[in-house]
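Let me begin by presenting the structure, written as C-alpha cells, before commenting on it.
Letters go in sequence order (proteins before strands), and every chain restarts at 1. Hydrogens, waters and symmetry mates play no part in the numbers below; they use all other heavy atoms, side chains included. None of these values were measured; they are calculated from a predicted model.
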Number of protein chains: 4
Amino acid sequence: MAGVNKVILVGNLGKDPEVRHLEGGNSVAHFTLATNEYYKDKQGTRVERTEWHNISAWRGLAELAAKYLKKGTQVYIEGKLRTRQYQDKDQQTRYITEIIADEISLLGGRPGGAGNGAASPSTDESVSLRQEPELDQLPF
Amino acid sequence: MAGVNKVILVGNLGKDPEVRHLEGGNSVAHFTLATNEYYKDKQGTRVERTEWHNISAWRGLAELAAKYLKKGTQVYIEGKLRTRQYQDKDQQTRYITEIIADEISLLGGRPGGAGNGAASPSTDESVSLRQEPELDQLPF
Amino acid sequence: MAGVNKVILVGNLGKDPEVRHLEGGNSVAHFTLATNEYYKDKQGTRVERTEWHNISAWRGLAELAAKYLKKGTQVYIEGKLRTRQYQDKDQQTRYITEIIADEISLLGGRPGGAGNGAASPSTDESVSLRQEPELDQLPF
Amino acid sequence: MAGVNKVILVGNLGKDPEVRHLEGGNSVAHFTLATNEYYKDKQGTRVERTEWHNISAWRGLAELAAKYLKKGTQVYIEGKLRTRQYQDKDQQTRYITEIIADEISLLGGRPGGAGNGAASPSTDESVSLRQEPELDQLPF
DNA sequence: TTTT
DNA sequence: TTTT
C-alpha cells in the first residue's frame, strides 16, 4: 500500500537557486530555505530558532525556480523527503536529506517588486509541477 | 515572522521504539519509519521505492510511542524537520535530519490484534501531544 | 499569485461510493467520510466527536474508489475544498462544501481481508491521481 | 482510533475579522479567506478560480486575528473542518462548513507596511494557538 | 529495518 | 452514515 511522505514549508531562500542542466535535457535547481520559529525558554526569554532545509526542484519547476526565486524570496513549498548517500572527499559514506519540491508558490504581494532583481511570473505560468526525479541523473 | 515547518507521514515502523529517560524526568523515543512509493520507470516496469525516516517523540508522546508502537505498526505522524550536527567517532562533524513528532495516530483497525504484542490504547488515552523538545537535553 | 487550498483527512467511509458516468466519458464518485476526535470536556468526561465530510473523486480516481473502497474502509485523502451552490426543491439557493480528492491511500494491512467484499488493489495500480474536475459537467 | 482532519490554506482576507466576546470571557473571530487558483481550460484559455472559506479563530487566536489581520492580508492558516447546522429565518435547517483555525501565520515581508492600518506583531507574541472551541457558546 |  |  502506498504511504504518505509530505513536507510543507513556508520560509525564505538563503541563496539564489543553482541550476544544473543534465544530459537528456533535464534540469535541477538547488537552494536552501530557512524556516523561523519563536518560542520562550524556561527562563521566559524569547528565542528564535532557524531551521535550514535543502530543496531540489526538477525539470519545469527548476526553470521556474531559476526564473522567479532569489535569495530572500518568501515561498510556500510542498514536496517529499529524500535521503541520499554519497561519498565525501575521504571516501566516507555520508547522508543528506533533501526536500524534492512538487509545488512552489511565491508569497507576498509582488515578487520582484522590492527591486530584488527576480522576474515576476506572468499569470499564464503556473509555478507548480508534480513529477518524479530521475535518480540516475543526480548531478552529485 | 514565524514560518511553517511541517511533515506528514504515513508508514510502518522499521523497529520497536527505543526510549531513553533523561535527567529531569523527560523521556525521548526514537524509531525509524518506512514510507513506500510505487511508480513505473521508463521501461514501464513497476518500481517500489522505500524512504526511511528518523522519528523522535518527546515526553508524553515518547511514553505513548513506547506503549503502543512496535516494529511493523502503521502510523500517521505529523511533526517538524530538525537537522542536528554531532561528532562521529573520528571527530568529524556529521549531520542527521529527524522528524520531531507532534502527533501520532495508529492506523488500521485493531492495533495489537495480529498478535504483535503491543498494547491497545484505551480510548481514554489520547495518542497526540504538541510540545517543544528541550534541546539541551538531547541524549546524543 | 496562486494560493494554497489543501485538505488532509484520515477516516472511514460512511457508505459505499456512488459513481456516476457523465457525458463525454468522465465519471465522478461521491461518498462521505467520518473523522473521529476524542477530548475531555470541562467535567473531565471523555467525549467522542465525529465530523462528516463530503468527498468527490473524478475520472480515474472515481473508478479506483468504486473498485477498492467500501463502507467502513479506512483511507488517507488529500484534496481541496470546493463550495458549490445549487437550488433546492423550493428554488432556494443552498451551499454545499466538498473535498475534491487528489490522492487516496488505503490504510490498514489488508483491504478486503475482513470479508468486506471490496477488491484488493494489484500493486500495479496506483490509487492516486491529480486532476482538475470539469465543472460544467457536474452531475447535480 | 483518532482520525485526521486538517486544512492548510494560503490566501487573502476578504474582510476585516469580526470579533465577538462571549459570556465566560471567551472570544471568537470570523472572517473569509480567498484562495486563488489558475488553470487552462480545454480551449487553452487561462482561467482564474477563487474559492472562499469561512474561518473561525477562538480565544487568544481571536484576539491576535483582531489585532493583526485586515482585509487583504495574506496569511497561512492551519485548522480543521467543522460543519454546523442552524435554522435560517424561515426555520429551515441549513449547514455551514467552517475552518476552525489552529495556527495563523502572517505572510509577506512587513505586515501593515503598506499602510493597511493593521498593527505589526511584536516578535514576542506568537500568532499560534491550538485549542478546542466550546461549542455550546457558539455566537450564532 | 517496515509494509503489500 | 464510519470506526474503536
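Nucleotide E:dT1 holds its C1' atom 13 Å from the CD1 atom of B:Ile55, rounded to whole Å. Across the protein-nucleic acid pair, B:Phe31 atom CZ and E:dT3 atom P stand 15 Å apart, rounded to whole Å. With rounding to whole Å, C:Asn54 atom CG is found 11 Å from F:dT1 atom C1'. One can place CG of B:Leu106 at 15 Å from C1' of E:dT3, the figure rounded to the nearest angstrom. We find that CD of C:Gln74 is positioned 15 Å from P of F:dT2, with the value rounded to whole Å. Rounded to a whole Å, the CG atom of A:Asn5 is 15 Å from the C1' atom of E:dT3. One can place OH of B:Tyr38 at 13 Å from P of E:dT2, the figure rounded to the nearest angstrom. In this structure, B:Arg49 atom CZ and E:dT3 atom C1' are separated by 16 Å, rounded to whole Å.
Across all strands, C:Thr50 comes closer than 4.0 Å to base atoms (heavy-atom distances). Using a 4.0 Å heavy-atom criterion, one finds that C:Gly11 contacts no nucleic acid atom at all.
Judged by distance alone, the side chains of B:Glu37 and A:Asn5 never bring a donor and an acceptor atom under 3.5 Å apart.
Listed for the C:Glu51 side chain is a donor-acceptor partner under 3.5 Å among the backbone atoms of D:Thr83.
For B:Asp88 and B:Arg94, the salt-bridge test passes: some basic side-chain N is under 4.0 Å from an acidic carboxylate O. With salt bridges taken as basic N to acidic carboxylate O contacts below 4.0 Å, none links D:Lys80 and D:Glu98. Ion pair A:Lys6/C:Glu78 flagged as a salt bridge, since at least one NZ, NE, NH1 or NH2 atom sits closer than 4.0 Å to an Asp/Glu carboxylate oxygen.
For F:dT1, the base is stacked against the aromatic ring of C:Trp52, per a cut-off of 5.5 Å between centres and 30° between planes.
When each of F:dT3, F:dT1, E:dT2 is scored by its nearest atom to the side-chain atoms of B:Asn12, the top-ranked nucleotide is E:dT2. The listed nucleotides are F:dT4, E:dT3, F:dT1; the one nearest the side chain of B:Glu48 is E:dT3. Residue C:Thr32 places its side chain closer to F:dT1 than to any other of F:dT3, E:dT1, F:dT1. Closest to the B:Lys71 side chain, of the nucleotides E:dT1, F:dT1, E:dT4, is E:dT1. Nearest to the side chain of C:Asn36, among F:dT3, E:dT4, F:dT1, sits F:dT3.
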